[in-house]
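Below you'll find the structure, written out as structure tokens, and then a few comments.
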Amino acid sequence: MDQVRVRFAPSPTGKVHIGNIRAAIFNWLYARHVGGKFLLRVEDTDLERSTPEAIQTLLECMEWLGLDFDEPVVYQTHNVQKHLEAAEKLLAEGYAYKETEGPKAGCIVFRMPKEGRIEFEDLVKGRMKKKAEDTQDFVIVRSDGSPVFHLANVVDDMLQNITLVIRGDDHVENTFKHIELFKALGYTPPQYAHLPMIVNNMGKPYSKRDGAAFVGEFREQGYLPETLFNFLLLLGWAPGDDREVMTREEMIEAFSLERCKSSPSRFDMKKLRWMNGEYIAKQPKEQFKAELVARLKAAGLPEQPLNGSLDAVIGPVQPRTKVYTELPGNCIYFFTEEYPFDEAAVTKRLKQPGVRELLEEMANRFEALEDFTEEATEAIVRAKSEELGGMGPVVHPIRVAVSGITEGPGLFELLVLVGKERTVARLRKAAATLTA
Ligand code: GLU
């Protein structure tokens with residue numbers, strides 16, 4: 001078999017939609033799995049949208065995701081002459097005609113077959129068929145002499161010797177046209193694999209109204225490229241076992257078109273967050289530290305915690321951080337006494353009967369401890385919980401008073417990291433704001 005050559009053929013617009021980059025990921029993995037070539041073709045014929053900046057954004061997104069390509073980038077606009085030559089050939093051989101009347105006057109129009117069926121084997125969706133009578137002739141060169149997408153796309157796939165086209169299933173209808181163009185130009189069409197639509201919770205096409213939809217937005221929101229790559233792969237493919245978080249090598253090894261799904265894939269933001277947390281937890285501690293320090297600096301906060309070491313704080317914070325933009329908010333109370341209070345938590349956990357007395361009592365008991373350890377603080381909290389008939393009424397008010405928020409490391413670990421003096425002071429300060 002000839003060498004496998006696949007390509008990603010985006011039309012740059014300045015923003016790279018996740019549906020498009022998913023096609024790039026599938027093509028890339030396919031090429032890496034079979035040892036073929038992955039090529040990039042920039043379909044830049046829409047000169048208004050395909051600005052140098054838009055192309056730069058596209059290249060940056062690919063680099064960020066580690067989607068390297070094996071030959072120099074092909075720009076579609078450089079091939080216009082070839083597209084027009086192909087149109088001339090089709091005209092000369094009777095596969096196309098020049099329209100003389102109506103709104104298409106002056107256009108070159110491709111003749112679709114008038115009888116029989118147009119068929120192709122889709123490697124994801126199976127056999128695809130269409131009656132010739134349900135198709136229509138279509139324009140391949142506009143009256144101003146510019147080639148239309150269908151012609152350019154097909155001629156470029158021929159020029160690049162593409163053997164397999166993996167793209168979104170919004171192109172299925174086009175493929176019926178494209179294979180006829182290939183045949184008329186004397187080429188065997190490549191194979192095709194159309195990936196299922198990405199949909200929202202309602203089963204409708206996922207769009208920017210549903211949340212972040214462009215690669216750059218996920219990047220800004222603190223998602224790691226490894227996460228986005230892994231997550232988008234699972235939108236339309238599964239390894240066939242229960243693995244979800246996989247290394248790049250595992251994905252290359254396991255990837256196959258047979259395991260691609262043909263039914264729509266639901267975009268699940270919760271799962272993306274979870275997965276990003278898994279990747280953050282696995283990152284080298286130094287890398288996490290660098291992120292935290294950069295974000296502390298940007299927030300005008302000290303780079304060292306008020307108590308203990310930065311490494312000690314990172315211990316429980318790293319595995320609990322879902323996206324980097326949560327930093328330093330999710331651990332700010334280790335770095336400043338001016339930590340903000342979550343209003344809802346204050347209402348629910350602090351502004352309640354008996355909480356003022358509870359916090360004062362806990363402050364006194366903690367203060368009396370010789371060794372302010374996890375075991376010792378836990379023993380005190382447990383004793384009080386037995387008195388009150390549950391851990392919740394003790395644990396929650398203490399946590400909110402000391403950290404301002406409801407989530408974080410285990411309470412006793414948190415208290416020890418904040419330190420005895422500051423824990424006691426914070427409990428008293430919170431108590432003082434509450435009415436007796
Ligand atoms: N430029 C088209 C797109 O981005 C082409 C897709 C393709 O053939 O892969 O939708």
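Every number for a ligand or one of its atoms is a count from 1 in the order of the listing. Nothing here was measured: the structure is a model prediction, and the numbers come from that model. Index from 1, following the sequence.
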Under the salt bridge (charged side-chain N to carboxylate O under 4.0 Å, His left out) definition, can you give me all pairs with a residue in residues 90-106, not counting sequence neighbours? K89-E93
Expected list for residues 390-419: side-chain donor-acceptor pairs under 3.5 angstrom, two or more places apart:
unit_1, atom_1, unit_2, atom_2, d
R399, NH1, P409, O, 3.0
R399, NH2, P409, O, 2.8
S403, OG, R399, O, 2.8
S403, OG, I405, N, 3.3
S403, OG, I405, O, 3.1

Does atom NZ (K114) have a neighbourhood of more than 12 heavy atoms from anything else shown, all under 6.0 Å? yes
Could you name the protein residues that come within less than 4.0 Å of ligand 1, counting only heavy atoms, and order them by chain and residue number? R7, A9, P10, S11, E43, F149, N153, R167, H171
Judged by modelled atom types alone, do T227 and N276 share a side-chain donor-acceptor pair under 3.5 Å? yes
Mind checking whether F267 and F218 have parallel, tilted or perpendicular rings, split at 30° and 60°? tilted
Quick note, salt bridge (charged side-chain N to carboxylate O under 4.0 Å, His left out) partners involving residues 140-162, not counting sequence neighbours, are R7-D157, R41-D156, R41-D157
